[in-house]
Amino acid sequence: MRQNTETIAKTGEHVKQSRRIAAEIEETGAGILVNLDDQRSKLKGIREKVDETDSSISRARRLLTNMTYRAYQNKAFMYCIIVVLVVLIILIIYFKFFRWKEKRQQQLILFLFLFGFVFQLLFFCLGYEKKKQKKKKNKKKK
């Protein structure tokens with residue numbers, strides 16, 4: 001009987017020890033779950049920031065592409081203006097010194113001057129319209 005009592009006492013201690021170990025494991029598991037939840041929320045925040053950064057980079061890439069295109073367009077536009085003005089100057093000089101009589105020269109020079117002025121005015125208006133459209137686009141984005 002004594003042996004049975006000792007065996008029961010030992011078994012009771014083993015059960016208590018097992019319960020204590022189980023409680024410690026449960027506490028450790030709860031702590032791990034809290035840490036994992038914390039890390040999950042941090043990872044979500046990081047993912048949102050990465051997505052935001054990605055969209056910002058895409059927007060910046062599009063803007064840079066548009067800026068490059070506009071720069072080439074403006075360069076071509078300026079070259080066209082230069083060519084037209086040089087041609088007008090050459091025509092004025094040619095007709096002034098080598099060609100027509102005085103009355104016709106004055107009419108032609110006036111015509112060429114007015115043509116050059118209208119040409120410059122046209123390109124100025126086109127540039128102004130581009131600026132206007134750009135302002136509208138910026139307002140829509142905001």
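Not measured: the values here are computed from a predicted model. Start at 1 with the first residue, then count along the sequence.
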State the CD-CD1 distance between Gln17 and Ile21, to the nearest 0.5 angstrom. 5.0 Å
Contact check, side chains of Thr65 and Arg62, non-hydrogen atoms, under 4.5 Å: no
Rounded to the nearest 0.5 Å, what's the gap from CD1 on Ile32 to CG on Leu36? Could you check? 7.0 Å
Straight-line distance of Asp38 CG to Leu43 CG, nearest 0.5 Å: 10.0 Å
Atom pair CZ (Arg20) and CD (Glu24), whose distance is rounded to the nearest 0.5 Å: 7.5 Å
Value for CZ (Arg59) from CG (Asp54), rounded to nearest 0.5 Å, stands at 11.0 Å
What's the spacing between Glu13 CD and Lys16 NZ if we round to 0.5 Å? 7.0 Å
Any side-chain heavy-atom pair of Arg70 and Gln73 under 4.5 Å: yes
